[in-house]
Amino acid sequence: AATKPNVVVDAGPDFLHGPQCVKALEAGCDVLIEKPMATSLEDAQALIAAEKATGKTIMVDYTMRYSHPWGTMMHAARNGDVGDIFYLGGFYIHDMWNWYDAEGEFTTPWRIDPENPQNILFGGGCHGLDMILYTMGDNPVTDVYCCGNHLSGSGMPIEDCYLVSMTFANGAIGKIFVSSGCNRGDFGPMFEVYGTEGTLIDGKLLKRTADPVELEEPEEVGVGHGWALTVRDFLDVLDGKRDNWMNSTYGARNVSICDAAWKSLHSGQVEKVTWFD
């Protein structure tokens, strides 16, 4: 109210993204949201409604779309390089001790706050899930099943390890594996795709009739964090120079699947997904 900004960037604690960004939209701001867009189906629905009511723009920072080789593989799969897809895997294998422990180099206390701890399914699993969803386009996820634990000793007060299976309307299946307590010190693989004409794994296109092909790194995809490219694209969207390829629909679909997985974890049952068109 005091500064009347045109744009709000929300990179605060995950559980605040929904309510804060609804207020930003209602104040007349376009919003760039650090992933995840929200941490509940209800917050995602409120964001979609506020965006529609205000005519403002939401972009969600799914930075792995810009990362090589994972983003490169995503584009190759979407372009049909493996034929008809029957399975996709998304992974967030991360040692977050440095973020969780009081003695860690990057300690961020909100992540392990007993009242509102970071849910790494939403905050980490969203990376691989986003690449899966972008690859599959408008093919809906219908059902999910999730199991999880917090046996790693990471210091996270809730589960820090999740395995989520999902079914698409066309019969394809997918998996998300999330671990923020993995004792390894670096990221593992983040994405893989299996199709009728080939497989994408570790930055390579594999076919039974040919030698492995190392995917070339495109100009628009780089190694590491893609935040600067997200900001550039967000400003280009606001200036009408490009389509919003990380829009609120993708954000809401991602949240909805994680929400159904979280419910499945506690119900022990397969849960239906609310799909956003």
Pairwise side-chain contact, [X] with [Y], heavy-atom cut-off 4.5 Å (strictly under):
{"X": "R242", "Y": "D233", "value": "yes"}
{"X": "P189", "Y": "D202", "value": "yes"}
{"X": "T209", "Y": "E197", "value": "no"}
{"X": "H17", "Y": "D43", "value": "no"}
{"X": "L200", "Y": "L215", "value": "yes"}
{"X": "I120", "Y": "M156", "value": "no"}
{"X": "E192", "Y": "Y87", "value": "yes"}
{"X": "V60", "Y": "Y250", "value": "no"}

For this session: Determine, stepwise, if the pair F15 / W110 fulfils ring-ring contact (aromatic ring centres under 6.0 Å, His included).
Result: CA-CA 10 Å; F15 77 100; W110 74 265; 7.4 Å; no
Between [X] and [Y], is there shared hydrophobic-cluster membership here, with clusters defined by ILVMFWY side-chain heavy atoms closer than 4.5 Å?
{"X": "I112", "Y": "L16", "result": "no"}
{"X": "I173", "Y": "V164", "result": "no"}
{"X": "L238", "Y": "L32", "result": "yes"}
{"X": "L25", "Y": "V7", "result": "yes"}
{"X": "Y194", "Y": "V141", "result": "no"}

All salt bridge (charged side-chain N to carboxylate O under 4.0 Å, His left out) counterparts of [X], not counting sequence neighbours:
{"X": "E105", "answer": "none"}
{"X": "K175", "answer": "none"}
{"X": "K272", "answer": "D143"}
{"X": "D160", "answer": "none"}

[X] (side chain) donor-acceptor with [Y] (main chain) under 3.5 angstrom:
{"X": "D236", "Y": "K241", "value": "no"}
{"X": "T54", "Y": "A50", "value": "yes"}
{"X": "R65", "Y": "W245", "value": "yes"}
{"X": "E159", "Y": "G148", "value": "no"}
{"X": "S67", "Y": "W70", "value": "no"}

So how far is it from [X] [atom1] to [Y] [atom2], rounded to the nearest 0.5 Å?
{"X": "H75", "Y": "R78", "atom1": "NE2", "atom2": "CZ", "answer": "9.0 Å"}
{"X": "Y66", "Y": "L229", "atom1": "OH", "atom2": "CG", "answer": "6.0 Å"}
{"X": "Y162", "Y": "I176", "atom1": "OH", "atom2": "CD1", "answer": "12.0 Å"}
{"X": "N183", "Y": "W97", "atom1": "CG", "atom2": "CH2", "answer": "10.5 Å"}
{"X": "W99", "Y": "Q118", "atom1": "CH2", "atom2": "CD", "answer": "11.0 Å"}
{"X": "D130", "Y": "F191", "atom1": "CG", "atom2": "CZ", "answer": "9.5 Å"}

Problem set entry | Intermediate values then yes/no, side-chain contact (heavy atoms from CB on, under 4.5 Å), M136 and N170 | CA-CA 10 Å; M136 295 298 284; N170 71 346; 4.0 Å; yes
Got a sec, which residues hit side chain to side chain donor-acceptor pair (under 3.5 Å) with [X], two or more places apart in sequence or on another chain?
{"X": "S256", "value": "none"}
{"X": "S267", "value": "E271"}
{"X": "R184", "value": "D186"}
{"X": "N149", "value": "none"}

At their closest point, which heavy atom of [X] faces which heavy atom of [Y], and how far apart are they?
{"X": "L206", "Y": "P212", "value": "CD2-CB, 3.5 Å"}
{"X": "D101", "Y": "T107", "value": "O-OG1, 2.5 Å"}
{"X": "K35", "Y": "C126", "value": "CD-SG, 3.4 Å"}
{"X": "H127", "Y": "T63", "value": "CE1-CG2, 3.7 Å"}
{"X": "Q269", "Y": "S264", "value": "O-OG, 2.7 Å"}
{"X": "P36", "Y": "G123", "value": "CD-CA, 3.9 Å"}

Which ILVMFWY residues are connected to [X], directly or by a chain of links, through side-chain heavy atoms under 4.5 Å apart?
{"X": "L41", "answer": "I48, F276"}
{"X": "L163", "answer": "F91, I93, F177"}
{"X": "Y145", "answer": "V270"}

Exercise. Would you call D81-K207 a salt bridge at under 4.0 Å N-O?
Worked result: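 Not counted as a salt bridge, because no side-chain N and carboxylate O are separated by less than 4.0 Å.
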Exercise. Got a sec, which residues hit side chain to side chain contact (heavy atoms under 4.5 Å, CB included) with C21, two or more places apart in sequence or on another chain?
Worked result: D10, V31, I33, L47
Is [X] atom [atom1] crowded by more than 12 heavy atoms from other residues, nucleotides or ligands, each under 6.0 Å away?
{"X": "E214", "atom1": "CD", "result": "yes"}
{"X": "D239", "atom1": "CG", "result": "yes"}
{"X": "D84", "atom1": "CG", "result": "no"}

For this session: I would like to know whether D30 and F234 meet side-chain contact (heavy atoms from CB on, under 4.5 Å); could you show each step before the answer?
Result: CA-CA 10 Å; D30 297 300; F234 178 58; 4.1 Å; yes
For this session: State, without any angle test, whether N119 and T39 hold a side-chain donor-acceptor pair at a distance under 3.5 Å.
Result: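 Not at all, the side chains of N119 and T39 share no donor-acceptor pair under 3.5 Å.
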Problem set entry | side-chain contact (heavy atoms from CB on, under 4.5 Å) between S154 and M96, worked out | CA-CA 7 Å; S154 69; M96 293 198 64; over 6 Å; no
Problem set entry | Within the 6.0 Å centroid threshold, strictly below: F122 and W262 |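 When the ring centroids of F122 and W262 are compared, they turn out to be at least 6.0 Å apart.
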